[in-house]
Amino acid sequence: MADAVKRSYRSTLREQQAHRTRGEIIDAARALFVAHGYAATSIDDIAEAAGVARRTVYAIGGKPELMKLAYETAIVGDHDDDTLNDRPIVDAIRAEPNPLVALHLYLDMSCGICERTAQVHAALRAASGDERVRVIFDGLQARRRDIAERLIVFFAGKGLRIARPDTAADVLWTLIDPGLYHSYRYDCGWSAEQVSEWVHHTVEQQLVAT
């Protein structure tokens, strides 16, 4: 019985270490992609930055997979197994009875996501000349578009009066684009608070019927 407990304990420690190592590799890849670009970053660079052997990096995937993971883990902001839908903020948005308050809670969350993803999104877009990266980028864009459509339905179902329902998803998809956020945040030099304030004001102005 004691041996079984020890084996289970050692197995848990190994799993925890493997999870930490995976997160360190993804974080190293993200930092290098942002700093130097996708093409200029090698697997050896990522391995050196993460302090692991290159075979350990390849165990997670090649550069395209690492780019995708770098973006997706930035969405949630950590390496926990919980998806975004499992997070307390999403529960709060769902539970909020006031549709306008729920919309602004969502925009708070969205601006936080854009703050974490804007730079890696720019690196991803810049690398989309690579066919494998283009597939990833197009898939992420399509997923964002689908989410925007479902959000319009969700907020309308809560009682929010949607202006121009036929194009509302287009407007929301555009205004919460990490690429647009990047333009204001880094090209124009706005603070995160300035961009968030602009997003909140513009989305309400464009989406909510008066």
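Everything numeric here is computed off the predicted structure, so don't read it as measured data.
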Just by distance, with hydrogens left out, do Arg20 and Gln17 show a side-chain donor and acceptor under 3.5 Å apart?
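Distance-only check passes for Arg20 and Gln17.
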Within 6.0 Å of NE2 in His79, more than 12 heavy atoms from elsewhere
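Yes, because the 6.0 Å sphere around NE2 of His79 holds more than 12 heavy atoms from other groups.
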For atom CD of Gln194, is the number of surrounding heavy atoms from other residues, nucleotides or ligands below 6.0 Å larger than 12?
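Count over threshold, so yes.
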Got a sec, which pairs hit salt bridge (charged side-chain N to carboxylate O under 4.0 Å, His left out) with one end in residues 35-60, sequence neighbours left out?
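Passing the test, one end in residues 35-60: Asp44-Arg54.
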Arg185 (side chain) donor-acceptor with Trp190 (main chain) under 3.5 angstrom
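Checking the backbone N and O of Trp190 against the side chain of Arg185, a donor-acceptor pair under 3.5 Å is found.
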Point-to-point distance, once rounded to the nearest 0.5 Å, from [atom1] of [X] to [atom2] of [Y]:
X: Gln206; Y: Thr174; atom1: CD; atom2: OG1; result: 10.5 Å
X: Glu115; Y: Ser110; atom1: CD; atom2: OG; result: 12.0 Å
X: Tyr71; Y: Ile26; atom1: OH; atom2: CD1; result: 15.5 Å
X: Thr21; Y: Ile60; atom1: OG1; atom2: CD1; result: 8.0 Å

I want to check something: taking the side chain as every heavy atom from C-beta on, are [X] and [Y] in contact at a cut-off of under 4.5 Å?
X: Pro64; Y: Ile136; answer: yes
X: Val153; Y: Arg150; answer: no
X: Lys63; Y: Asp130; answer: no
X: Leu107; Y: Ile176; answer: yes
X: Glu24; Y: Asp27; answer: no
X: Arg30; Y: Leu69; answer: no
X: Tyr38; Y: Leu66; answer: no
X: His200; Y: Ser196; answer: yes

Can Arg94 and Asp91 be counted as an ion pair, charged N to O under 4.0 angstrom?
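Asp91 and Arg94: salt-bridged.
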Can you name the closest pair of heavy atoms from [X] and [Y] and give their distance?
X: Ala127; Y: Val133; result: O-CB, 3.5 Å
X: Leu207; Y: Ala168; result: CD2-O, 3.5 Å
X: Val101; Y: Glu96; result: CG1-CD, 3.6 Å
X: Pro178; Y: His121; result: CB-CG, 3.7 Å

Taking side-chain hydrogen bond (donor to acceptor under 3.5 Å, both in side chains) as the test, write out the residues that go with Gln141, two or more places apart.
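So Gln141 forms a side-chain hydrogen bond (donor to acceptor under 3.5 Å, both in side chains) with Arg144.
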Could I get the full list of side-chain hydrogen bond (donor to acceptor under 3.5 Å, both in side chains) partners for Thr202, not counting sequence neighbours?
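If we apply the side-chain hydrogen bond (donor to acceptor under 3.5 Å, both in side chains) test to Thr202, skipping adjacent residues, the hits are Trp198.
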